[in-house]
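Let me begin by presenting the structure, written as structure tokens, before commenting on it.
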Protein chains: 2
Amino acid sequence: MFEARLAQGSIFAKVIEGLRELVTEATWECSGNGITLQAMDSSHVALVSLVLRSDGFETYRCDRNMSLGISLTSMSKVLKMMGKDDTLTIRVNDDSDAIVLSMESQNQEEFAEYELRLMDLDSEHLGIPDTDYSCVVKMPSTKFSRICRDMAILGDSVTICSTKDGVKFGAKGDVGQGSIRLNQSTNVDKEEDAVSIELREAVALTFAVRYLNMFCKAAPLSNQVNLSMSEDTPLMCEFKVGDMGHIRFYLAPKIEDAEN
Amino acid sequence: MFEARLAQGSIFAKVIEGLRELVTEATWECSGNGITLQAMDSSHVALVSLVLRSDGFETYRCDRNMSLGISLTSMSKVLKMMGKDDTLTIRVNDDSDAIVLSMESQNQEEFAEYELRLMDLDSEHLGIPDTDYSCVVKMPSTKFSRICRDMAILGDSVTICSTKDGVKFGAKGDVGQGSIRLNQSTNVDKEEDAVSIELREAVALTFAVRYLNMFCKAAPLSNQVNLSMSEDTPLMCEFKVGDMGHIRFYLAPKIEDAEN
DNA sequence: TCCGTCGTCC
DNA sequence: GGACGACGGA
């Protein structure tokens, strides 16, 4: 039997919202340590890795390891029915082919329970090498979302150039070209507004902005996003999930064209 | 001549919004007692009955009984032009084939008048038996709306089970199955948030959720909805219209399939 | 509150 | 297959 209870069910809903555009169905790996998920998007371009540690749940019980094939599309629909401050319990009974999501309103007067059929998915476990990145940019996730949205208006690709003083996002296309530069924050009024750069080596990498915009669906999970980069290595775009884990998105850089 | 004046014209607009999806045109019966309307939806599945008593109007005059065939679609369009706090006057002159809607702004500085052609409709007067229901559930109309919308995501039908302690709405379909249970309120902080159940006999009835969602278009009329049910009897779903009348929707339960 | 997408009806 | 209306998201 598997049962995990989260007082703030909305966190889980945000996780699903953060994943579902990139990955419509995926296999969840449940063990005593927590829940993990790894998947590539349907065109096998981007990769996502989710970790939710068991100690982040209010209660957590996992008698044996389980692989659960789940439609994130359906799960998202069910989670939309959750009240704003509901407590969420996720349960899989032994020998059941369904996952049960229970939601309790804070005043205990409302109780909803939804059952989703589990799916048989070919689960590709993906080895993600631990990389020592040349550069890690930390910035407000809302700012990153806005920049990616804006760059998408200009073109399909965004080039991220990072030096020790700042980071520049640039795009060009039919409408024109443009770039936005953020300097590393000096006075950190609010931690969450800070832009900080850890840099061993300057980088300049180009990415398909469409995928970055999908990654940004996870932005409501965290005030800050971490962008870790090295030349010729996939970008890692990380959002923390409270203090219980993270979502990490990976995207290989485009090979630079002659004209860039 | 017929003339009825309503200081709060928005109430009348809400009545029309509450009806127009189910019934696009209908015959209004005007008499000295007030206005009534009865109609079935186009597929003859659901029935609606409207009562607006004459004493609920600011002024009311009806020299002789009249049957007015009206396009609710057109009337809705006209009422959308009404200002938020306008006073509405409905008038039918003798020997006229039109109904005139006059709207005055509160400051008397704006005055609009629209004329709608009356229609010749075969008016079926429907006998609605007075039923002594086994169970009456009273709940916030917003909550009922949300539940019906959610249940529609899961499937075409919703099963309502009511016992003396609470009421449960359930649905099943492709995405999965689910249910939501409301307990009878114990401490009534706000009257309008209360869930209360008068029960002589427990009921479990299944309805086409599509129609319930149409009924919910009338929810803005009232904070509370009354669901009156008996086995093998049409549901009555009632919204009060201020203290001047009500809209009552009727819907026959589905015959239970073997699998339920 | 307005715009875009999806579903239903003609 | 096209048009209209409803619903959900930005």
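Within every chain, numbering begins at 1; the chains are lettered A, B, ... in the order of the sequence lines, protein sequences first and strands thereafter. All values reported here derive from a predicted model rather than from experimental measurement.
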Quiz item: Which part of the nucleic acid, if any, lies within reach of B:Arg20 when heavy atoms closer than 4.0 Å are counted: base, sugar-phosphate only, or nothing?
Solution: sugar-phosphate
Quiz item: How would you list, by chain and number, every residue that makes a ring-ring contact (aromatic ring centres under 6.0 Å, His included) with B:Phe12, sequence neighbours excluded?
Solution: B:Trp28
Exercise. Could you tell me the separation between the NZ atom of A:Lys14 and the P atom of D:dG9, rounded to a whole number of Å?
Key: 16 Å
Quiz item: How many Å lie between CZ on B:Arg149 and P on D:dC7, as a whole number?
Solution: 10 Å
Practice problem: Step by step, work out the side-chain contact (heavy atoms from CB on, under 4.5 Å) result for B:Leu205 and B:Thr159. | Solution: CA-CA 5 Å; B:Leu205 295 165; B:Thr159 299; over 6 Å; no
Practice problem: In plain terms, say whether A:Lys217 and A:Glu17 are close enough for a salt bridge, that is, a side-chain N and a carboxylate O under 4.0 Å apart. | Solution: no
Quiz item: What residues, two or more places apart in sequence or in another chain, satisfy ring-ring contact (aromatic ring centres under 6.0 Å, His included) together with A:Tyr211?
Solution: none
Quiz prompt | Whole angstrom value for the distance that separates P of D:dA6 from NZ of B:Lys77 | solution = 10 Å
Practice problem: Hey, which sits more toward the 5' end of DNA chain D by its nearest nucleotide, B:Ile153 or B:Thr73? | Solution: B:Thr73
Quiz prompt | Any residue meeting ring-ring contact (aromatic ring centres under 6.0 Å, His included) with B:Phe169, in chain and number order, not counting sequence neighbours | solution = none
Polar-atom pairs under 3.5 Å, protein N or O versus N or O of nucleotides 2-4 of chain D: list them with distances, or write none.
none

Quiz item: Does the side chain of A:Lys80 get closer than 4.0 angstrom to OP1 or OP2 of D:dG8 through an N or O atom?
Solution: no
Quiz item: Do any side-chain nitrogens or oxygens of B:Lys217 fall under 4.0 Å of OP1 or OP2 in D:dC7?
Solution: yes
Protein and nucleotides 3-10 of chain C: nitrogen or oxygen contacts under 3.5 angstrom:
{"unit_1": "C:dC9", "atom_1": "OP1", "unit_2": "B:Arg210", "atom_2": "NH2", "d": "3.3"}

Practice problem: Can you measure from OG (B:Ser74) to CD (B:Glu25) and round to the nearest 0.5 angstrom? | Solution: 9.0 Å
Quiz prompt | A:Glu21 CD to D:dA10 P, straight-line distance once rounded to whole Å | solution = 9 Å
Practice problem: Starting at atom NZ of B:Lys84, determine the distance to atom P of C:dT1, rounded to an integer number of angstrom. | Solution: 10 Å
Quiz item: Could B:Lys143 and A:Glu109 be called an ion pair, given the rule that one side-chain N must be under 4.0 Å from one carboxylate O?
Solution: no
Practice problem: Just jot down the ring-ring contact (aromatic ring centres under 6.0 Å, His included) partners of B:Phe239, sequence neighbours excluded, or say none. | Solution: none
Quiz item: Between the main-chain N or O of A:Ala46 and the side-chain N or O of A:Asp41, is there a donor-acceptor pair closer than 3.5 Å?
Solution: yes
